[in-house]
Amino acid sequence: MAEKQLRRSLSVLPMSTVMTLTGLTARQIRYYESQALVHPVRNEGNRRRYSLQDVDRLLEVKDGLASGMDFATLRRLFNQSAQIRKQTTTSLSDQQARQYLEPEMQQLAGMKPPVPGLWRHL
DNA sequence: ATTCTGACA
DNA sequence: TGTCAGAA
């Protein structure tokens, strides 16, 4: 299972591929990066290279924006998911994680996940 | 040919 | 967010 994640994290996709996979324009993809929502790697020629994980994140950003979320909210959401993944793999009980995110969960309680399983970690 | 940055008639 | 220019 670690092998799969490793590959999904490899940044090898060019802008053109990400554009067709996400349905977003290069402009939007670069702008979202400026908003710290994705962090593509640059190759020797200063070209951006995205991973499958980046594509997944871009898809979440796309639907998140579509359901009225702003960049700050998405940014916090992603940071929190990252936090939980770390803590969870560092032995923090799921109960403690939910308690820690109580405020956000209250807000998200009302809305429906734009993408099936977007709040999966919450 | 493709992507990057900066700028805005 | 689109789009165009000039460079890589």
Side-chain angles (χ1 to χ4, degrees):
Chain A
M1 215 267 119
E3 174 85 8
K4 184 193 295 179
Q5 278 310 102
L6 168 65
R7 298 189 186 283
R8 290 181 63 69
S9 73
L10 297 182
S11 301
V12 299
L13 314 176
M15 177 60 86
S16 58
T17 301
V18 178
M19 287 173 71
T20 82
L21 256 36
T22 63
L24 293 169
T25 64
R27 180 80 165 80
Q28 295 175 304
I29 297 171
R30 295 187 194 113
Y31 182 57
Y32 299 164
E33 178 187 349
S34 76
Q35 296 305 298
L37 270 34
V38 283
H39 311 293
V41 155
R42 299 303 187 100
N43 67 4
E44 44 293 337
N46 193 44
R47 265 69 217 283
R48 275 168 266 249
R49 287 288 114 99
Y50 300 81
S51 67
L52 292 172
Q53 288 181 354
D54 290 329
V55 172
D56 287 337
R57 166 159 291 189
L58 252 6
L59 253 17
E60 294 186 326
V61 171
K62 182 180 181 180
D63 291 303
L65 292 174
S67 52
M69 274 174 240
D70 57 32
F71 298 112
T73 299
L74 291 169
R75 191 152 47 224
R76 282 169 27 214
L77 215 51
F78 295 147
N79 289 332
Q80 292 169 167
S81 292
Q83 287 300 115
I84 295 178
R85 277 179 302 233
K86 292 179 184 177
Q87 299 176 53
T88 296
T89 57
T90 300
S91 82
L92 173 71
S93 75
D94 179 55
Q95 182 51 56
Q96 289 176 297
R98 289 169 181 293
Q99 197 174 313
Y100 178 72
L101 295 173
E102 192 179 291
E104 286 68 22
M105 296 189 75
Q106 284 297 312
Q107 185 193 330
L108 292 163
M111 29 184 142
K112 53 201 172 304
V115 165
L118 180 55
W119 320 139
R120 185 186 332 151
H121 304 298
L122 302 181

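In this structure, the CZ atom of Phe71(A) is 6 Å from the P atom of dT1(C), given to the nearest Å. The distance from atom CG of Leu13(A) to atom C1' of dT3(B) is 15 Å, rounded to the nearest whole Å. A straight line from CD of Glu44(A) to C1' of dT3(B) spans 13 Å, rounded to a whole angstrom. One can place CG of Asn46(A) at 6 Å from P of dT5(B), the figure rounded to the nearest angstrom. Going from atom CZ of Arg30(A) over to atom P of dG6(B) covers 12 Å, rounded to whole Å. If you take CD1 of Ile29(A) and C1' of dT5(B), they are 16 Å apart, rounded to a whole angstrom.
Taking each heavy atom of Leu13(A) and Leu52(A) in turn, the nearest pair found is CD1-CD2, 4.1 Å. For the residue pair Met19(A) and Ile29(A), the shortest heavy atom distance occurs at CG-CD1, 3.8 Å.
For the pair Arg49(A) and Arg42(A), the minimum side-chain heavy-atom distance is 4.5 Å or more. Put simply, the side chain of Leu74(A) reaches to within 4.5 Å of the side chain of Leu65(A), judged on heavy atoms. For the pair Leu77(A)/Gln80(A), a side-chain contact is recorded, criterion being any heavy-atom separation below 4.5 Å from C-beta on.
Proximity of Tyr32(A) to the phosphate of dT1(C): a side-chain N or O atom is located under 4.0 Å from OP1 or OP2. Listed pair Arg48(A) / dC4(B) meets the phosphate criterion, a side-chain N or O lying under 4.0 Å from OP1 or OP2. Side-chain N/O atoms of Ser16(A) include one lying less than 4.0 angstrom from OP1 or OP2 on dT3(B).
The number of heavy atoms from other shown groups lying within 6.0 Å of CZ (Arg7(A)) does not exceed 12.
Listed by first residue number, the stems of DNA chain B with at least three Watson-Crick or G-U pairs below 3.5 Å are B:2-8 with C:2-8.
Side-chain atoms of Asp70(A) come within 3.5 Å of backbone atoms of Thr73(A) as a donor-acceptor pair (strictly under, hydrogens ignored).
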- prompt: What is the per-nucleotide protein-contact pattern of nucleotides 3-8 of chain C, from the 5' end, where B denotes a base atom under 4.0 Å from a protein heavy atom, S denotes such proximity for sugar-phosphate atoms only, and - denotes neither?
  reply: B----B

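Taking the six-membered ring for Trp and thresholds of 30 and 60 degrees, Phe71(A) and Tyr31(A) have ring planes more than 60 degrees apart, a perpendicular arrangement.
One finds the CG atom of Leu6(A) at 11.0 Å from the CE atom of Met1(A) (value rounded to the nearest 0.5 Å).
Within the nucleic acid shown, Arg42(A) comes within 4.0 Å of sugar-phosphate atoms alone, with no base atom in reach, counting heavy atoms only.
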